[in-house]
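See structure below.
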Amino acid sequence: MKKASILQFSLLSAALCFVFFTGCSKKSDTAANSDSSNNTNNVANAMTQAMGAANAGATHKSATHSVPSATLASFLPNLGGYTAHEPSTSSANFNGVEWSTAERQFDNGEKHVKITLADYNYAAGLTAAYTMLMNYSMEDDNQIQHGEKFGSYPGWVTWHKKSNDGEIGVIVGDRIYLMIEGSGGVSLDDLRAIVNQVNLD
């Protein structure tokens with residue numbers, strides 16, 4: 001598989017997930033059609049920006065290998081007050097394209113947190129795909145979505161107001177992806193505090 005095809009696949013996958021994600025939140029909304037139209041236009045603009053970033057990043061060299069999932073797992077934090085599950089790791093290699101992840105789930109009554117660290121050896125492709133999440137900003141009665149800096153690292157926030165659940169994502173060195181998901185009473189401030197417990201440097 002050629003690198004350009006890999007990049008387009010990664011970007012398309014993220015774009016489709018993003019459109020589906022924002023589209024679902026709109027389906028449950030009773031806002032006027034003009035609001036829905038504006039949201040669609042915003043998504044289209046964000047995708048266009050991401051495509052531009054993808055094309056610009058297509059000449060970047062990929063890393064030889066992804067970081068081993070066991071190494072990623074060693075950076076997963078422990079959360080005080082939560083029952084921690086054993087870390088789960090996975091890795092894949094397809095024609096030299098490598099992907100590795102490590103994740104850990106935490107429970108405290110109804111509260112649930114999942115922390116994931118991921119790496120992909122064609123980092124430029126994945127960075128470009130997530131550019132749309134960092135560059136897209138919107139807020140309505142149901143959802144908040146915007147880019148946000150965590151220390152010196154870029155990232156994004158997605159939060160569902162009515163169900164009180166969401167995700168923070170951080171990109172470290174255009175390479176490692178930290179994703180923290182919370183539900184069941186975990187607040188957005190709780191998720192930000194968890195980011196601070198991870199040694200991003």
Side-chain angles (χ1 to χ4, degrees), residues 14-31 35-36 38-39 42-43 46 50 69 72-90 101-119 126-127 129-201:
L16 289 174
C17 289
F18 184 63
V19 171
F20 177 79
F21 187 63
T22 54
C24 284
S25 71
K26 274 298 180 185
K27 285 180 183 177
S28 63
D29 205 358
T30 57
D35 291 339
S36 179
N38 288 337
N39 188 56
N42 288 337
V43 171
S69 56
L72 294 176
S74 69
F75 287 95
L76 293 169
N78 277 307
L79 302 184
Y82 285 82
T83 300
H85 296 254
E86 285 298 311
S88 172
T89 60
S90 63
T101 63
E103 67 179 40
R104 193 170 199 182
Q105 297 199 38
F106 301 85
D107 301 314
N108 179 355
E110 295 297 316
K111 295 182 179 181
H112 305 287
V113 171
K114 183 169 78 171
I115 302 175
T116 303
L117 283 166
D119 184 34
L126 193 59
T127 302
Y130 278 111
T131 295
M132 70 178 68
L133 293 173
M134 294 185 291
N135 289 339
Y136 181 67
S137 179
M138 65 84 69
E139 181 172 359
D140 60 20
D141 291 340
N142 294 322
Q143 180 179 317
I144 300 170
Q145 170 77 59
H146 62 258
E148 186 170 321
K149 280 265 193 175
F150 297 90
S152 59
Y153 301 104
W156 67 90
V157 170
T158 300
W159 189 256
H160 304 101
K161 297 178 179 178
K162 294 182 178 179
S163 56
N164 282 316
D165 62 68
E167 175 188 86
I168 285 178
V170 187
I171 300 177
V172 181
D174 289 333
R175 181 63 191 268
I176 305 298
Y177 293 79
L178 167 67
M179 286 156 281
I180 301 174
E181 302 166 68
S183 62
V186 178
S187 71
L188 187 51
D189 285 340
D190 290 336
L191 298 188
R192 290 192 177 100
I194 293 170
V195 173
N196 293 331
Q197 296 184 46
V198 180
N199 183 2
L200 299 179
D201 292 334

Q) Are S187 and D189 linked by a side-chain donor-acceptor pair shorter than 3.5 Å? A) no
Q: Working to the nearest 0.5 Å, report the span between CZ of F106 and CG of N78.
A: 6.0 Å
Q. Quick one: are Y177 and T101 in side-chain contact, heavy atoms under 4.5 Å?
A. no
Q) What heavy-atom pair brings S69 and S90 nearest, and what distance separates the two atoms? A) CB-O, 3.5 Å
Q: Compare all side-chain heavy atoms of M179 with those of W156 and state whether any distance is below 4.5 angstrom.
A: yes
Q: Search all heavy atoms of V186 against all heavy atoms of D190 and return the closest pair with its distance.
A: CG1-CB, 3.6 Å
Q. Atom NE2 of H85 and atom NZ of K114: how far apart are they, to the nearest 0.5 Å?
A. 11.5 Å
Q. Above 12 or not: heavy atoms from other molecules or residues under 6.0 Å from CZ of F75?
A. no
Q.
Apply side chain to side chain contact (heavy atoms under 4.5 Å, CB included) to residues L200 and V195 and explain how you reach the verdict.
A. CA-CA 8 Å; L200 299 179; V195 173; 4.2 Å; yes
Q: Indicate yes or no: does D119 engage R175 in a salt bridge with an N to O separation below 4.0 Å.
A: yes
Q. Rounded to the nearest 0.5 Å, how far apart are CD of Q105 and CD1 of I115?
A. 10.5 Å
Q. Is the closest side-chain heavy-atom distance between V172 and F150 below 4.5 Å?
A. no
**Q.** Atom of G166, atom of H160 and distance for their closest heavy-atom approach
**A.** CA-ND1, 4.3 Å
Q) From L117 CG over to L76 CG, what is the distance, rounded to the nearest 0.5 angstrom? A) 5.0 Å
**Q.** Separation between CG of L79 and CD1 of I194, rounded to the nearest 0.5 Å
**A.** 5.0 Å
**Q.** K111 versus G185, closest heavy-atom pair with distance
**A.** CE-O, 3.6 Å
Q | Interatomic spacing from CD1 in I168 to CG in L188 - rounded to 0.5 Å | A | 5.0 Å
Q. W159 and L191: which non-hydrogen atoms are nearest, and at how many Å?
A. CZ3-CD1, 3.9 Å
Q | Test applied, side-chain hydrogen bond (donor to acceptor under 3.5 Å, both in side chains); reference residue, T158; option that passes from H146, Q143, E167, Q145 | A | Q145
Q | Distance-minimising heavy-atom pair for M134 and P154 | A | SD-CB, 3.5 Å
Q) Do H112 and D107 have side chains that get closer than 4.5 Å, going by heavy atoms? A) yes
